[in-house]
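Taking it in order: structure first as structure tokens, then the write-up.
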Amino acid sequence: MEYDFKSIESKWQAYWAAHKTFKAVEDASKPKYYVLDMFPYPSGAGLHVGHPLGYIASDIYSRYKRLKGFNVLHPMGYDAFGLPAEQYAIQTGQHPEKTTSENIARYRGQLDRIGFSYDWDRELRTCDPAYYKWTQWAFLKMFDSWYDPAAGKARPVSELVARIEKEGYEDVTPEVWATASDKEKSDILMRYRIAYQGETSVNWCEGLGTVLANDEVKDGLSVRGGFPVEQKKMTQWQLRVSAYAERLLESLDRLDWSDSLKEMQRNWIGRSDGTEVVFETICDGRRKPVTIFTTRVDTIFGVTFMVLAPESELVDELASADRKQAVAEYIKEVKKKTERERIAETRSVTGVFAGSYGINPLTGEQIPIWISEYVLAGYGTGAIMAVPAHDSRDYAFARKFELPIVPIIEGCDVSEESFDAKEGKMCNSGFLNGMDVKQAIEAAKDYVEEKGLGRRKTNYRLRDAIFSRQRYWGEPFPIYYKDGIPCPVSEEDLPLTLPEISSYKPTGEAPLARAKDWKYKGDPLETSTMPGFAGSSAYYLRYMDPQNDNALVSREADEYWRSVDLYVGGTEHATGHLIYSRFWNKFLFDLGYVCEDEPFRKLVNQGMIQGRSNFVYRIVGTNTFVSEGLRKDYETTEIHVDVNIVYNDKLDLDAFRAWRPEFADAEFILEDGEYRCGWAIEKMSKSMYNVVNPDLVCDTYGADTLRLYEMFLGPVEQSKPWDTKGIDGVNRFLKKFWRLFYNKSEWLVSDEKATPEELKVLHKLIGKEQEDIENFSYNTTISAFMIAVNDLTALKCSKREVLEPLVVLLCPFAPHITEELWERLGHEGSVAYASFPEFIPALAAEDNVTYPVQFNGKMRFTVDLPRSASPAEVEAAVRANDSTSKYVGEQQIVKVIVVPGRIVNIVVK
RNA sequence: GCCCGAGUGGCGGAAUGGUAGACGCGAUGGACUCAAAAUCCAUUGUCCCUUAAAGGCGUGGGGGUUCGAGUCCCCCCUCGGGCACCA
């Protein structure tokens, strides 16, 4: 009987669905393991072969853990709110709900074909009101909380109010509070709430008609759609993520994530330890203290000017009467530029003199104050002290505007560029003279603090997340306005469902403003909606208890599943979703809703699958195509050709003619009787015709082959091009595996006792598999399987004692074929829950290891010894070996080095 | 510019400091077959050589540590990724 993957795969997929084989139920008698994939956004294009890479890897791990006796939670769902569905709605008038449902149905079909072991009873969609009820709930909690720096965590706002009433908080005294109007109280509390409304400089994207978060913008363009983005001051809902900066940074050390990803988050959080120093300023005779932030107070004797950000509030006060106009013109210029233009200008140096002066608190020296866009309003205090000799940006500015450059490190050359390194000895620096730079930094900080000129300060680059979007397809805010004061919708009234609107077209106002009766108890509701990351920030918690209508997750479910043990997904979420989720989780942790303060204990980033495009070469002005090897002889145009009509770089001529009408009468110049295509590695995309659909691979080779092949391609973490060249190899392996059981129609499996040699084949594999799976080294595990199957084929071994464990071992990788063989071996129930240890016979004790014996590192001969032999026994055996004396001869043995089970090296003189 | 990561056959890729190139693809030769497909066997880093034996050279380049380096240390080159006026 031949291996018929088509009937096998559909049979077992139906079986799993009917028996709910992978349904996860809390079970205190078993250790739990939570494996999660980053849920997909269901786009209209469907899945391509790149998507399942991570899903296959995590599925293998889930199945492996089940075999090891764990109770595995492995759910899947859809990140279903988002811009593309809405953009499509704008074009077609179709409700995004409809498009989204259709896309989800298509995804589900594709996922099912690959044979994943998801518990589909826990499926969730972020656009489902029953789900976003909890997104809105979390927002209400954030609205009703503030970050207490003393406690180092979020607390209910009521505690803040109590504190203000009793003793005041920061600049809010009990008296101020007592006399404040409702609006004023609301404004005061808004300054502390975790979810707050505030005016800030935002990324405004005209093309999408909405604001965007920093991680949704790249190179001045929106990540979705690639529209230009500009900075604009607007009042928006924000999440006080910055309050968690230190905790987000600090707990990174406890996570089992890749170094590169942790590093990305560290950079994004951007902790920088420095000093705030107060500089007295004079403008038209008025004096005003201005605080600056610097990490290099030690260079304060080298300060020759100060710079303000154009958006800084200080600009008005520090622009002198005679410079007012010049300053205003400069600021107008800066504002006109989009973010993209600022970047495109490759750091051109611009600026204007403000007409005022600062006084260096250490030297008393008067220095000019300038305004320049190279200083950012949003970081530090929006004002800096400039030390051109030791900062390259200040240097460029000083050179352009001919400001003095004073070096303060001995022997450094600042004639061509600044000396930024933190090394050398201080000079021209008063009491710091002679000190080493590192020493001077500390000494200067101490001095400034002692003299009351400033204080140590830690700054973070991490910004609060802008949380409103002027779009339709997202979660509505549970906020209404009573007399202009934002008020929370009552928890009992959640979910606040998305209203119907007549048209999705952007008109400059938020789409919800057009909804009829968008009111709560007669008062108008907030019209912006939440961004994409809102729904994905706590979905891993919801999977633990997806049908619960009384809580995001019940305490019991949360305490059982706790947090995600293994999270698999792409690095593209490093500074978006993965930061927001950690923030969100820590917030819920602070309020006691969840029991772990980090959501994802271990994280594996799967690489991207790039496309491998194929080209044909058309001879210019003809409809004749020349094979790749012969194209040098002609003048040709390179044309992308659909990779699905190319096999191993050889073009299917008939399929090509049928591909597009203009190629129907194409002629070919062949080499060796075939048409060879050119190729290139490019991003997988429709326009390159290099998209490979997993359905097609499942049709031709089967899901098990697809799974094995994707894993065999290389390490999971690595990006690699999709190249079907090797797919026959793994398909051959599965057929060969089948032939250990079946020869034509004959069932070969016997109950005979296995020989030591046959058992050795099995044990080699077992050792390798356990070690490799834990390291996600699936490609080498598969290699080990291939070796085992080849060896057993050569030994003509079809004994149950060997094959049964082999089926169990292979089932995480190729679940369908192993399920089928398991049944044919006479077992009841799914192989997915076969117990690993039970099917692994004990290691043969007399198992020999071959030691290579080297003399001064050169291999001379080998000795066979039991694995259990001690180094001393190995050494004795080697010394007793005839060959030893032959190779050593007259030379003296200095020492014998034995690496147990591995190698013997004899050092001779 | 700064911070990570990586450079190994014709290709994808293996190697806790211990026989580099596992495994797969491709290629070449052979077996089976009327033929093809499928399957099986053999060879396949490179140089010198008719062949073989034996050997030399080989993990981006240059140094170093070690009995022994793809692996560890220093310098350089190239590629990939991230951040980018963050004071």
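Just so it is clear, the structure is predicted and the values come from calculations on it, not from any experiment.
- A:Glu263 has its CD atom 17 Å from the C1' atom of B:G80, to the nearest Å.
- Rounded to whole angstrom, the span from the CG atom of A:Asn775 across to the P atom of B:U16 amounts to 10 Å.
- Here the closest heavy-atom approach between residue A:Trp257 and residue A:Lys262 is recorded as O-CE, 3.4 Å.
- Within 4.0 Å of A:Val375, counting heavy atoms only, lies at least one base atom of the nucleic acid.
- B:G5 and B:C74: their P atoms are spaced 13 Å apart (whole Å).
- Computed from coordinates, the A:Ile367 CD1 to B:A87 P distance equals 19 Å when rounded to whole Å.
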Are any protein N/O atoms closer than 3.5 Å to N/O atoms in nucleotides 12-14 of chain B? If there are, list each pair with its distance.
{"from": "B:G12", "atom 1": "O2'", "to": "A:Leu713", "atom 2": "O", "distance (Å)": "2.7"}
{"from": "B:G13", "atom 1": "OP1", "to": "A:Gln718", "atom 2": "NE2", "distance (Å)": "2.6"}
{"from": "B:G13", "atom 1": "O3'", "to": "A:Asn779", "atom 2": "ND2", "distance (Å)": "3.4"}
{"from": "B:A14", "atom 1": "OP1", "to": "A:Asn779", "atom 2": "ND2", "distance (Å)": "3.4"}

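- A distance of 6.0 Å or more separates the ring centres of A:Tyr701 and A:Phe5.
- Between A:Arg739 and B:C40, a side-chain N or O to OP1/OP2 separation shorter than 4.0 Å is present.
- Of the C1' atoms belonging to B:U33 and B:A37, the separation is 10 Å, rounded to the nearest Å.
- For the pair A:Arg582 and A:Trp268, the cation-pi criterion (under 6.0 Å, within 45° of the ring axis) is not fulfilled.
- Out of B:U39, B:A87, B:C23, the shortest distance to the side chain of A:Tyr379 is found at B:A87.
- For the pair A:Arg461 CZ and B:C83 P, the interatomic distance rounds to 10 Å; values are reported in whole Å.
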Checklist entry - What's the verdict on side-chain hydrogen bond (donor to acceptor under 3.5 Å, both in side chains) for A:Ser418 and A:Asp420, showing C-alpha distance, side-chain angles and the deciding distance? => result CA-CA 6 Å; A:Ser418 62; A:Asp420 293 12; 2.6 Å; yes
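- Taking the syn range as angles within 90° of 0, the glycosidic angle of B:G29 is outside it, so the base is anti.
- If you check every strand for non-hydrogen atoms under 4.0 Å, A:Arg271 touches nothing.
- Per the geometry, NZ belonging to A:Lys735 stands 7 Å off C1' belonging to B:A38, to the nearest Å.
- For A:Ser272, a side-chain nitrogen or oxygen approaches OP1 or OP2 of B:A87 to under 4.0 Å.
- The distance from atom CG of A:Asn731 to atom C1' of B:C25 is 13 Å, rounded to the nearest whole Å.
- Nucleic acid contact class of A:Arg266 (heavy atoms, under 4.0 Å, all strands): none.
- For A:Tyr374, no side-chain nitrogen or oxygen approaches OP1 or OP2 of B:A87 to under 4.0 Å.
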Checklist entry - Which is it for A:Asn459 and A:Ser272 under the side-chain hydrogen bond (donor to acceptor under 3.5 Å, both in side chains) test, yes or no, and what are the steps along the way? => result CA-CA 5 Å; A:Asn459 269 329; A:Ser272 115; 5.8 Å; no
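- The distance between the ring centers of A:Phe776 and A:Tyr778 falls below 6.0 angstrom.
- At whole-Å resolution of the value, CG in A:Leu708 and P in B:C25 are 13 Å apart.
- Taking atom CD on A:Glu717 and atom P on B:A6, their separation rounds to 11 Å, with Å as the unit.
- A:Asp394 comes within 4.0 angstrom of no nucleic acid atom, judged by non-hydrogen atoms across all strands.
- Among the heavy atoms of the strands lying under 4.0 Å from A:Ile787 are primed sugar atoms or P, OP1, OP2 only; no base atom is included.
- Consecutive pairing runs in RNA chain B reach the stem threshold at B:1-7 with B:77-83, B:10-12 with B:23-25, B:26-31 with B:39-44, B:45-47 with B:55-57, B:60-64 with B:72-76, where a stem means at least three Watson-Crick or G-U wobble pairs with distances under 3.5 Å.
- In this structure, CE in A:Met38 is found 6.5 Å from CG in A:Asn605, a value given to the nearest 0.5 Å.
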